[in-house]
Amino acid sequence: MRQFISTLFLMLAIPLTLLAQKDLSTGRILDGHYKKNTAVTDVEIVGDRLRDYGLTYYHSFTVRDDDKLMQEVVDAFLADEPKAADKELTKMGGKLIAGMYRLKYDGNTNRFLFFKDMRLANQRQNAVMVIYMEGNISLKSLQRKFKK
């Protein structure tokens, strides 16, 4: 019975988190229509595994070796900048290498959007990544947890 309730909660939570992404330009990247693209690694996590991080939802999207889709990810991330309550951007030669937004949100849940261009960040990978997270955690606490 407990497993049934957990599964039911998970099924209800995923549509709610998708709604939270709808107001974002990156929402069209994260909406699932690229899941079958072989250049894409799309990871969604909801539930107890995130509790130690103070998160309720995690969604990462990485695209490799598809220049058109990588540019779409960069453009979507930059288009979400006006929705940021806080931001930190790292650029090199005028090009975005990494970025972080704490998004404006009505409610108790913080929303975060992270970006990394591994082509420019000395990672020697032809890939870009965007990560969307939600939770009752501050940005500083989240950064400390992920630095460990």
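Here the structure is a predicted model, which means the values were calculated and not measured.
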Going by heavy atoms in the side chains, are [X] and [Y] under 4.5 Å from each other?
{"X": "N136", "Y": "T109", "answer": "yes"}
{"X": "E44", "Y": "Y57", "answer": "yes"}
{"X": "M129", "Y": "M118", "answer": "yes"}
{"X": "Y132", "Y": "L24", "answer": "yes"}

Criterion side-chain contact (heavy atoms from CB on, under 4.5 Å) against F61, the qualifying member of V43, I131, V40: V40
Non-neighbouring partners of R51 that pass salt bridge (Lys or Arg N to Asp or Glu O under 4.0 Å), sequence neighbours left out: D48
Show the atom names and distances, to 0.1 Å, of all donor-acceptor pairs under 3.5 Å that link a side chain in residues 76-92 to residues at least two apart or in another chain.
from, atom 1, to, atom 2, distance (Å)
D80, OD1, S25, N, 2.6
D80, OD2, S25, N, 3.4
D80, OD2, T26, N, 3.0
D80, OD2, T26, OG1, 2.9
E81, OE2, K87, NZ, 2.3
K83, NZ, D23, O, 3.2
D86, OD2, R102, NE, 2.7
D86, OD2, R102, NH2, 2.8

Working for side-chain contact (heavy atoms from CB on, under 4.5 Å), residues L113 and V130: CA-CA 7 Å; L113 194 59; V130 67; 3.8 Å; yes
Measure the spacing between [atom1] of [X] and [atom2] of [Y] and express it to the nearest 0.5 Å.
{"X": "D31", "Y": "H59", "atom1": "CG", "atom2": "NE2", "value": "9.0 Å"}
{"X": "Q125", "Y": "T62", "atom1": "CD", "atom2": "OG1", "value": "9.0 Å"}
{"X": "Y53", "Y": "S141", "atom1": "OH", "atom2": "OG", "value": "14.0 Å"}
{"X": "F114", "Y": "Y101", "atom1": "CZ", "atom2": "OH", "value": "12.0 Å"}

N110 and I137: CA distance, side-chain angles, deciding distance, side-chain contact (heavy atoms from CB on, under 4.5 Å) verdict: CA-CA 7 Å; N110 283 314; I137 187 170; 5.7 Å; no
Contact list for residues 59-77, test salt bridge (Lys or Arg N to Asp or Glu O under 4.0 Å), sequence neighbours left out: R28-E72
Main-chain N/O of V128 paired with D117 side-chain donor or acceptor, under 3.5 Å: no
For T41, side-chain hydrogen bond (donor to acceptor under 3.5 Å, both in side chains) partners two or more places apart: none
Those residues that, when tested against N37, pass side-chain hydrogen bond (donor to acceptor under 3.5 Å, both in side chains) (two or more places apart): none
Closest non-hydrogen atom pair between L69 and Y34, with its separation: CD1-CZ, 3.5 Å
Stepwise side-chain contact (heavy atoms from CB on, under 4.5 Å) test for L96 and F115: CA-CA 9 Å; L96 181 66; F115 170 83; 3.5 Å; yes
